[in-house]
Amino acid sequence: MTTNILVIPGDGIGPEIVSQAVRVIEHLRDAASLDVNLEYADLGGAAYDKTGHSLPDSTLSMAKACDAILFGAAGGPKWDNLPRSERPETALLRLRRELDLFANLRPAILFPSLASSSSLKDEIVAGLNILIIRELTGGIYFGEPRGVETLDSGRRRGINTLIYHDDEVIRIAHVAFNIARQRGNRVCSIDKANVLETTEFWREVVTEVGTEYPDVELTHMLVDNAAMQLVRDPKQFDVIVTTNMFGDILSDISAMLTGSIGMLPSASLDNNQKGLYEPVHGTAPDIAGEDKANPMAMILSLAMLLRYTMKEDNLADLVEQSVESVIERGLRTPDIYFAGAEEVGTERMGTEVLSELKQRLN
Ligand code: NAD
Ligand code: IPM
Ligand code: MN
């Protein structure tokens, strides 16, 4: 059966990196008979500039109809002053929510040859392989009431609400325990149970779900300590499961453990293998349009698409091996450059991944 993939380049470096991933998937289609059909749509600033809406109805309906979405990133200074409802970031959040993509997997795996690109000492990160599972459609990102208001007294206030329902915690906990069974059998749930009732409740519900997985070790950690432990000794973790906002923050930290945020992919999944695949990083406006962006996070997100939506584990492995091999050969975009390496741009990095892939497919 054909897998329909909706490609959404987005803003900033989005189009540059997405086109490298598209080269890879098109090659798999043409040379390895992968049964995929690619369609394109706009979202974010690019969509706003064309249509006046950051999430056009046509994009939303195509996103609902497809099997998987390959997405670059959205946002940038040009659109920062739009009303919040039209901001690029709001479009992305709506998309995640409308498609019920509640399970955001953010694996932080260190390729051995990138150990010295990490801001931590080699021995702290060597062999790192952790998975952050971030709840993506609830929590403070979506809680009501929200907004900024002026009281009768003239005092102004901003409000966001941290709210989790038991079913939201239960389903993300199941995802974490099930994935842990395929890895190191350990889950660390991260919260702020000492201060926030909502996350004390989160801890209680995760613990209840954990009783169904006696073979998986469950621990809990407060988020401030977790941030510290991630840079002190990240290898103590296997699977981390946490709330929407804590997961957002901790995954950027773990990106740096792997050498660069330009290396970290993600998958946002619903309960039926549908997924939105995007790098953890944003639109990098500071380097957009200069052929400097690292496309590896994007290409590795495509590998996650192959693995999770298409169940093409072998092809996913080949793409990941191709990326690793290019890195091992010493080719580097500026974000992971070190003296003596060969500095290359986005396009060239894509070309090299493709040629590694071609060799592996033969
Ligand atoms: P960012 O991740 O875009 O950039 C942070 C730093 O990392 C920058 O110095 C950038 O150059 C660098 N960087 C990021 N990706 C890189 C890559 N692939 N290769 C090399 N260097 C890379 O974060 P930011 O600057 O805080 O946000 C910029 C914009 O992106 C904002 O509008 C933000 O809302 C948006 N954003 C979007 C997403 C998304 O669409 N999923 C995620 C995060 C941020
Ligand atoms: C991410 C981003 C988004 C988030 C923004 C752009 C809405 O930072 O995917 O990590 O906060 O979820
Ligand atoms: Mn983020």
Side-chain angles (χ1 to χ4, degrees), residues 8-21 42-48 54-55 69-82 84 86-97 101-106 108 114 117 119 132-142 160 242-256 258-268 276-301 323 327 332-337 343-350:
I8 305 181
D11 307 318
I13 61 170
E16 298 168 63
I17 55 171
V18 162
S19 60
Q20 301 314 314
D42 286 317
L43 176 146
Y48 182 83
S54 60
L55 181 58
I69 302 167
L70 199 58
F71 173 57
K78 185 177 174 194
W79 305 282
D80 278 348
N81 296 319
L82 289 177
R84 183 159 291 278
E86 283 308 336
R87 298 242 186 103
E89 292 83 354
T90 305
L92 175 60
L93 295 174
R94 258 191 78 201
L95 188 68
R96 290 172 177 169
R97 174 95 158 183
L101 303 167
F102 68 94
N104 183 211
L105 313 188
R106 298 187 158 189
L114 277 185
S117 297
S119 35
I132 297 186
I133 301 185
R134 168 189 179 195
E135 197 293 323
L136 201 62
T137 50
I140 198 165
Y141 271 55
F142 295 96
N160 286 101
T242 191
T243 63
N244 202 340
M245 187 162 75
F246 294 161
D248 180 43
I249 298 166
L250 296 178
S251 57
D252 265 37
I253 298 182
S254 57
M256 209 48 229
T258 67
S260 165
I261 193 153
M263 295 299 301
L264 215 75
S266 92
S268 308
L276 181 151
Y277 298 87
E278 58 170 321
V280 167
H281 63 71
T283 57
D286 51 333
I287 56 168
E290 296 179 22
D291 193 41
K292 284 185 181 159
N294 187 341
M296 296 313 204
M298 188 73 238
I299 296 173
L300 292 169
S301 299
V323 167
I327 297 287
R332 296 281 187 279
T333 41
D335 55 311
I336 47 175
Y337 179 77
E343 187 167 331
V344 298
T346 311
E347 174 90 22
R348 170 78 190 285
M349 207 68 150

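These values consider heavy atoms only, across backbone and side chains, with no hydrogens, waters or symmetry-generated copies. Note that ligands are numbered from 1 as they come in the structure, with each ligand's atoms numbered from 1 the same way. Remember, predicted model here, so these are calculated numbers, not experimental data.
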Take D248 and Y141 through the side-chain hydrogen bond (donor to acceptor under 3.5 Å, both in side chains) test and state the conclusion after the steps. CA-CA 11 Å; D248 180 43; Y141 271 55; 3.1 Å; yes
Give a yes or no on whether a salt bridge exists between E290 and K292, defined as a side-chain N under 4.0 angstrom from a carboxylate O. yes
Below 4.0 Å from ligand 2: does a non-hydrogen atom of R87 turn up there or not? no
Between S268 and N104, do the side chains contain a donor N or O and an acceptor N or O under 3.5 Å apart? yes
Specify the protein heavy atom at minimum distance from atom 1 (C) of ligand 2: its residue, its atom name, and the distance to 0.1 Å. R106 NH2, 3.4 Å
Any N/O/S of D248 under 2.8 Å from the Mn ion (ligand 3)? yes
Between the candidates H281, R134, M245, E89, which shows the shortest non-hydrogen contact distance to atom 5 (C) of ligand 2? E89
So which heavy atom in the protein is nearest atom 11 (O) of ligand 2, and how far is it from that ligand atom? Y141 OH, 2.5 Å
Among all the protein's non-hydrogen atoms, which is closest to atom 9 (O) of ligand 2, and how far away is it? R96 NH2, 2.7 Å
Are any of the side-chain nitrogens in E343 or R348 under 4.0 Å away from the carboxylate oxygens of its partner? no
Distance from F71 atom CZ to R96 atom CZ, nearest 0.5 Å? 8.0 Å
Looking at D248, L93, N104, the heavy atom closest to atom 10 (O) of ligand 2 belongs to D248
Full working for side chain to side chain contact (heavy atoms under 4.5 Å, CB included) between H281 and I17: CA-CA 11 Å; H281 63 71; I17 55 171; 3.5 Å; yes
Heavy-atom contacts with ligand 1 below 4.0 Å: which residues, ordered by chain and residue number? I13, F71, A73, A74, G75, G76, E89, L92, I261, G262, E278, V280, H281, G282, T283, A284, P285, D286, I287, A293, N294, D335
What is the minimum heavy-atom distance between G45 and P88, and which atoms define it? N-CG, 3.5 Å
Just checking, is any N or O donor in the side chain of D42 or Y48 under 3.5 Å from an acceptor N or O on the other one? no
A293 backbone acceptor or donor facing T346 side chain under 3.5 Å: yes
